Number of protein chains: 2
Amino acid sequence: MPIQPITRPQNDVGAELRAIALEMFAENGYAGTSLQQIADAAGYSKSSVLYHFGSKEQLFTSAITPAVEKLTVFLDSIVEKLTADTERDAVVVQFIDLLLENRLAAHIVINQGQTLSDIPVMDEARGLIDRIGESFMAGLPTPAMRIRLGVALAGAAYVMVASRPSAVEVEDLDEVREALVDVVSELITPLSR
Amino acid sequence: MPIQPITRPQNDVGAELRAIALEMFAENGYAGTSLQQIADAAGYSKSSVLYHFGSKEQLFTSAITPAVEKLTVFLDSIVEKLTADTERDAVVVQFIDLLLENRLAAHIVINQGQTLSDIPVMDEARGLIDRIGESFMAGLPTPAMRIRLGVALAGAAYVMVASRPSAVEVEDLDEVREALVDVVSELITPLSR
DNA sequence: GCGTAGTCTGACCGATCGGTCAGCGCCTGG
DNA sequence: CCAGGCGCTGACCGATCGGTCAGACTACGC
């Protein structure tokens, strides 16, 4: 009888815990968020959290992996689109939307990536940042280009989370989206030729 | 025996501890850095750290206060300069240099400000960010303007720390400085009228 | 020499950390 | 009916957290 290593954590409880954990990790940091706090916020016991996810690191990995996979798929899909740069603006819009939909994960990767480099999925995510540079720009040959990309990504990630607690209404979010598309396009597009 | 200049033994150790703590807080976060780690890195015991600074929070405050004070002085000095916008570019350069000189503190304020809002000096520092907006722009009336400032500040703060571990040579730092001046000027200046 | 102030440390404290484990109640298939 | 798996929990573990305290050592004024 084959013993399945880890059963699929796609239950309702698992998804609920992932969402809560992702939010708390983004707001207070991985080290600054305890399993007890996550359990309390979810209305479960710490033991129950550890029942669904074997460890704190597994919970973190499960919470952030979907966003990493979506970003991977997105990067794979835009390679050919970017060669014909007529769709460049549309791709930037899609990219911003993807970041907005996964703003908590993006914030964690940008702001805690170097700290959490010992967690495998974070190394994978940081590698994706390099792919973003290679996709939108031509290999980022000069430090100035790397800096423009870094400012755009980190600045966008910060704004996406920082603008959240102050009364996010739907129209406000649209305004944020539009402004982000403008500023990121301005920073990213002039670098391609 | 000649009169030797007044030695401040406490100041040496204190300054050393402040510098080490600031670096570790910026790299691994306030919650992610223990007093034991700071003591080990400095070659002292944890008790000795707590002798010089009564608590972890006092150490953090002592480490980050100088940068906050410098930024306050800077903001006070540029108020009249910015009215005559001929010096606007020069002020941006000064601002970037100030951030570069205090890049660790800037990174902490930007990326951990909301988490550490219960520490008084962090609230003060976050208030300075609003003053930056009021200084460079005209009260930041629209969300789009706030977002541009947020992207510029957070992006710059991220780049300043992220570009550090990869072999910062003097010429590289100058290159970073120049690129930052360019991108921040581009993001900030069009908002003033 | 003696007292004293400054510096530093190890032993120790309660609290909390991530994680383990035995066992609880509940639901369901046989 | 009941055997057993599943979801969940409290009790408990060793380690580490921030912080306290009594003393050891040094240097200096008297």
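Reminder, nothing fancy here: chain letters follow the sequence lines and each chain counts from 1. It should be emphasised that the depicted structure is a prediction, and the values quoted were computed from it without experimental measurement.
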Testing D/dC17, C/dG19, D/dG18 for proximity to the side chain of A/Lys46, the answer is C/dG19
OP1 or OP2 of C/dC8 sitting under 4.0 Å from any side-chain N/O of B/Ser45? no
Between A/Gln37 and A/Gly54, which is nearer to the 5' end of DNA chain C once each is assigned its nearest nucleotide? A/Gln37
What is the separation between atom CG on A/Asp40 and atom P on D/dT9, rounded to the nearest whole Å? 11 Å
Atom CG of B/Leu35 and atom C1' of D/dT20: how far apart are they, to the nearest Å? 13 Å
Contact class for B/Leu50 vs. all strands (heavy atom < 4.0 Å): base, sugar-phosphate, or nothing? base
Report, one pair per line, the protein and nucleotides 21-27 of chain C atoms (nitrogen or oxygen only) whose separation is under 3.5 Å.
none

So which nucleotide from D/dC6, C/dG18, C/dC8 ends up closest to the side chain of A/Tyr51? D/dC6
Quick one: B/Ile38 CD1 to D/dT16 C1', roughly how many Å, whole number? 15 Å
Can you figure out which of C/dG19, D/dG18, C/dT9 approaches the side chain of B/Ser34 most closely? D/dG18
Is there a side-chain contact between B/Met160 and B/Arg177 in this structure, where contact means two heavy atoms from C-beta onward sitting under 4.5 Å apart? no
Does some side-chain heavy atom of B/Val151 sit less than 4.5 Å from a side-chain heavy atom of A/Leu180? yes
Taking the side chain as C-beta and beyond, is there a heavy-atom pair between B/Met122 and B/Phe60 under 4.5 Å? yes
OP1 or OP2 of D/dC6 versus the side-chain N and O atoms of A/His52: is any pair under 4.0 Å? no
Do A/Leu59 and A/Ile38 have side-chain heavy atoms sitting under 4.5 Å apart? yes
From the set C/dT9, D/dT9, D/dG18, return the single nucleotide nearest to any side-chain atom of B/Tyr44. C/dT9
Does A/Lys56 make a cation-pi contact with A/Phe25, if we ask for NZ or CZ under 6.0 Å from the ring centre and within 45° of the axis? no
To the nearest Å, give me how far apart CG (A/Leu59) and C1' (C/dC17) are. 15 Å
What is the distance, to the nearest angstrom, from the CZ atom on A/Phe53 to the P atom on D/dC8? 11 Å
Quick one: are B/Ile20 and B/Met24 in side-chain contact, heavy atoms under 4.5 Å? yes
Closest to the side chain of B/Lys56, out of D/dG19, C/dG19, D/dT9, is D/dG19
A/Val13 and A/Tyr51: same hydrophobic cluster, using ILVMFWY side-chain contacts below 4.5 Å? no
Between atom CD in B/Gln36 and atom C1' in C/dT16, what is the gap in whole Å? 17 Å
